[in-house]
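Protein chains get the first letters and strands the later ones, always in sequence-line order, with residue 1 at the start of each. Excluded from the calculations below are hydrogen atoms, water molecules and symmetry mates; all remaining heavy atoms, backbone and side chain alike, are included. Computed from a prediction, not measured in an experiment: that's the story for all the values here.
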Protein chains: 2
Amino acid sequence: MTSRQTRNRDRADRGIPEATVARLPVYLRALHALQERGVSTVSSEELAAAAGVNSAKLRKDLSHLGSYGTRGVGYEVEYLVYQISRELGLTQDWVVAIIGVGNLGRALAGYGGFASRGFRVAGLLDADEAIVGQEIAGMPVEHIDRLEDVIAERGVSIAVIATPAAAAQSVCDRVVAAGVTSVLNFAPVVLSVPDGVDVRKVDLSIELQILAFHEQRKAGGPGGYEAAGDGDRPSETAQYVEAVEL
Amino acid sequence: MTSRQTRNRDRADRGIPEATVARLPVYLRALHALQERGVSTVSSEELAAAAGVNSAKLRKDLSHLGSYGTRGVGYEVEYLVYQISRELGLTQDWVVAIIGVGNLGRALAGYGGFASRGFRVAGLLDADEAIVGQEIAGMPVEHIDRLEDVIAERGVSIAVIATPAAAAQSVCDRVVAAGVTSVLNFAPVVLSVPDGVDVRKVDLSIELQILAFHEQRKAGGPGGYEAAGDGDRPSETAQYVEAVEL
DNA sequence: AAGCCTTTGTGAATACATGCACGAAGTCAC
DNA sequence: GTGACTTCGTGCATGTATTCACAAAGGCTT
């Protein structure tokens with residue numbers, strides 16, 4: 001099964017830079033859009049524009065997968081879609097479980113962007129008895145007690161954690177113990193996992209905070225108004241509550 | 001208003017690396033957790049562990065804001081919270097409008113992590129007549145026609161776009177024309193904006209695709225099974241639909 | 001079939017980020 | 001006050017990512 005590992009792909013494939021991997025889905029999306037418009041061939045310049053990157057960067061990124069372009073012409077859209085999909089592992093189906101069916105979990109369960117890319121949501125789990133049994137996006141919410149069973153029975157390989165922060169680490173421990181090695185975490189905590197397990201984090205408020213930083217910068221430096229520097233230290237900030245519900 | 005731009009802050013502040021800015025919210029969160037546990041002082045080693053980073057990196061990051069630590073002791077939690085908050089611009093309130101009140105927009109409207117960090121949701125807008133008028137998280141959904149009015153009247157400075165992909169660019173153009181210079185985009189498209197406008201993107205499916213890539217890697221190379229390389233090029237991939245509803 | 005034109009793929013230069021390792025600066029005990 | 005000890009702040013080396021710029025490669029026209 002793992003026989004022909006590094007067969008084709010001479011030096012490509014081994015060690016595709018992370019930064020490149022992170023951009024491949026963006027290229028893929030742009031390519032799909034072109035495909036729908038009936039475009040069959042695209043230059044690095046055009047595709048780069050559609051993806052919002054520099055064309056040299058795009059070419060270098062693609063060169064990591066192999067040489068799939070034709071000089072003087074560009075890239076064949078359909079073929080490139082296939083190559084990137086394959087590289088990203090989207091030619092196979094991935095079985096996903098969503099743990100935590102609050103507002104966000106619900107949104108994720110109904111998100112069309114998953115199913116269309118080979119991600120099959122095979123389980124919705126929650127600890128809240130009031131939610132268990134409800135049907136969300138055509139699928140019943142199951143009790144968190146069944147977590148290990150669901151993972152084993154349905155071959156879940158990716159866990160999406162959308163629980164409150166307080167529950168996230170223990171849920172994570174359980175899915176990892178059950179054999180899951182890829183976790184997508186929406187809870188606002190840093191999860192610790194053993195080596196060999198990948199965790200990616202999506203944090204809705206971190207992005208806003210980064211925007212706020214730049215926005216403030218445009219308006220003229222941090223603490224620009226009122227006492228800047230080491231003024232009164234507020235003691236009211238302690239009322240932040242991390243137990244936000246997702 | 002832009003008068004005292006680069007005033008205080010000698011060499012700090014100017015040019016805090018992006019990578020550092022992106023980590024500050026994580027540190028802040030870890031610090032809040034410590035604060036709740038009554039910890040008043042923390043070493044770089046401890047805080048780094050809580051934030052999931054290397055301690056040297058943490059110290060270097062913090063050094064960009066100034067020297068707020070005490071050698072031999074560590075950092076005073078409360079003071080550091082204040083300094084980071086100030087640097088990120090969280091000591092002032094930011095007025096946010098959420099455009100697109102589908103599943104995701106609803107989840108965002110109810111997300112506790114915004115309000116607790118100085119982000120005030122002052123408007124929910126949607127084009128769907130069936131949704132307009134509904135009350136979400138204690139706030140009425142208004143018609144998208146009122147977008148410019150809402151932005152102007154309430155002083156919206158950050159727009160959160162959670163519309164379907166097809167609507168995102170035109171919504172973006174409108175908020176930018178109305179004077180907004182910070183956009184958080186959840187729609188799966190690359191938005192183009194004039195210079196001076198910041199766009200950050202949160203893409204739920206991109207993260208999954210990155211996980212899939214690594215997961216596949218663990219299992220033994222891309223396309224490891226079946227015809228690898230340049231086999232049959234599927235023509236069915238064209239049925240991807242980008243008009244996912246958010 | 002020869003030459004022109006376009007566009008790729010990549011070497012080299014630059015910029016950015018990470019992590020080590022250690023001197024400097026402070027605290028605490030006595 | 002003095003010395004031992006802890007921990008910060010940072011110079012330097014290493015690694016990673018981006019961008020430029022151009023030669024090599026192919027198609028297209030005549």
Under a 4.0 Å heavy-atom criterion, the protein footprint on nucleotides 22-30 of chain D, written with B, S and -, is --BBSS---
For DNA chain D, which residues in residues 37-49 of chain B have a heavy atom at a distance below 4.0 Å?
B:Ser43, B:Ser44
Salt bridge (charged side-chain N to carboxylate O under 4.0 Å, His left out) against B:Glu46, all qualifying residues, sequence neighbours excluded
none
Nearest whole Å is fine: how far is C:dT7 P from A:Leu58 CG?
14 Å
Mind checking ring-ring contact (aromatic ring centres under 6.0 Å, His included) for B:Phe114 and listing every partner two or more places apart, or none if nothing turns up?
B:Tyr111
Can you list the residues that meet the side chain to side chain contact (heavy atoms under 4.5 Å, CB included) rule with B:Val176, with sequence neighbours excluded?
B:Cys172, B:Val193, B:Pro194, B:Val197
So which protein nitrogen or oxygen atoms get under 3.5 Å of nucleotides 12-17 of chain D's nitrogens or oxygens?
residue: D:dC12; atom: N4; partner: B:Lys60; partner atom: NZ; Å: 3.4

Rounding to an integer number of Å, can you tell me how far B:Ile16 CD1 sits from C:dC16 P?
15 Å
Could you pull out all residues at least two apart from A:Ala178 that satisfy side chain to side chain contact (heavy atoms under 4.5 Å, CB included)?
A:Glu148, A:Ile151
Residues at least two apart in sequence or cross-chain that pass side chain to side chain contact (heavy atoms under 4.5 Å, CB included) with B:Ala50, listed by chain then number, are B:Ala30
Side chain to side chain donor-acceptor pair (under 3.5 Å) with B:Asn54: which residues, sequence neighbours excluded?
none
Distance test, side-chain N/O of A:Tyr75 to OP1/OP2 of C:dT6, below 4.0 Å
no
Phosphate oxygens OP1/OP2 of C:dA17: is one of them under 4.0 Å from a side-chain N or O of B:Asn54?
no
Run A:Tyr68 and A:Tyr79 through ring pair (Phe, Tyr, Trp, His ring centres under 6.0 Å) and show every step you take.
CA-CA 8 Å; A:Tyr68 296 136; A:Tyr79 187 47; 5.4 Å; yes
Please report the distance, rounded to the nearest Å, between NE2 in A:His64 and C1' in C:dT8.
15 Å
Length of the CD-P vector between B:Glu76 and C:dT27, whole Å
13 Å
Side chain to side chain donor-acceptor pair (under 3.5 Å) involving A:Asn185 - partner list, sequence neighbours excluded
none
Just the rounded figure in Å: distance from P of C:dA17 to CG of B:Leu62.
16 Å
Can you name the side chain to side chain contact (heavy atoms under 4.5 Å, CB included) partners of B:Ala49, sequence neighbours left out?
none
Yes or no on side-chain hydrogen bond (donor to acceptor under 3.5 Å, both in side chains) for B:Thr181 and A:Glu215, after CA distance, side-chain angles and deciding distance?
CA-CA 7 Å; B:Thr181 55; A:Glu215 187 70 26; 2.9 Å; yes
Whole-Å distance between C:dG26 C1' and B:Tyr68 OH?
19 Å
Would you list the pairs meeting salt bridge (Lys or Arg N to Asp or Glu O under 4.0 Å) in which at least one residue belongs to residues 53-66 of chain A, sequence neighbours left out?
A:Arg23-A:Asp61
Rounded to the nearest Å, what distance is computed from the CD atom of residue A:Gln83 to the P atom of nucleotide C:dG9?
12 Å
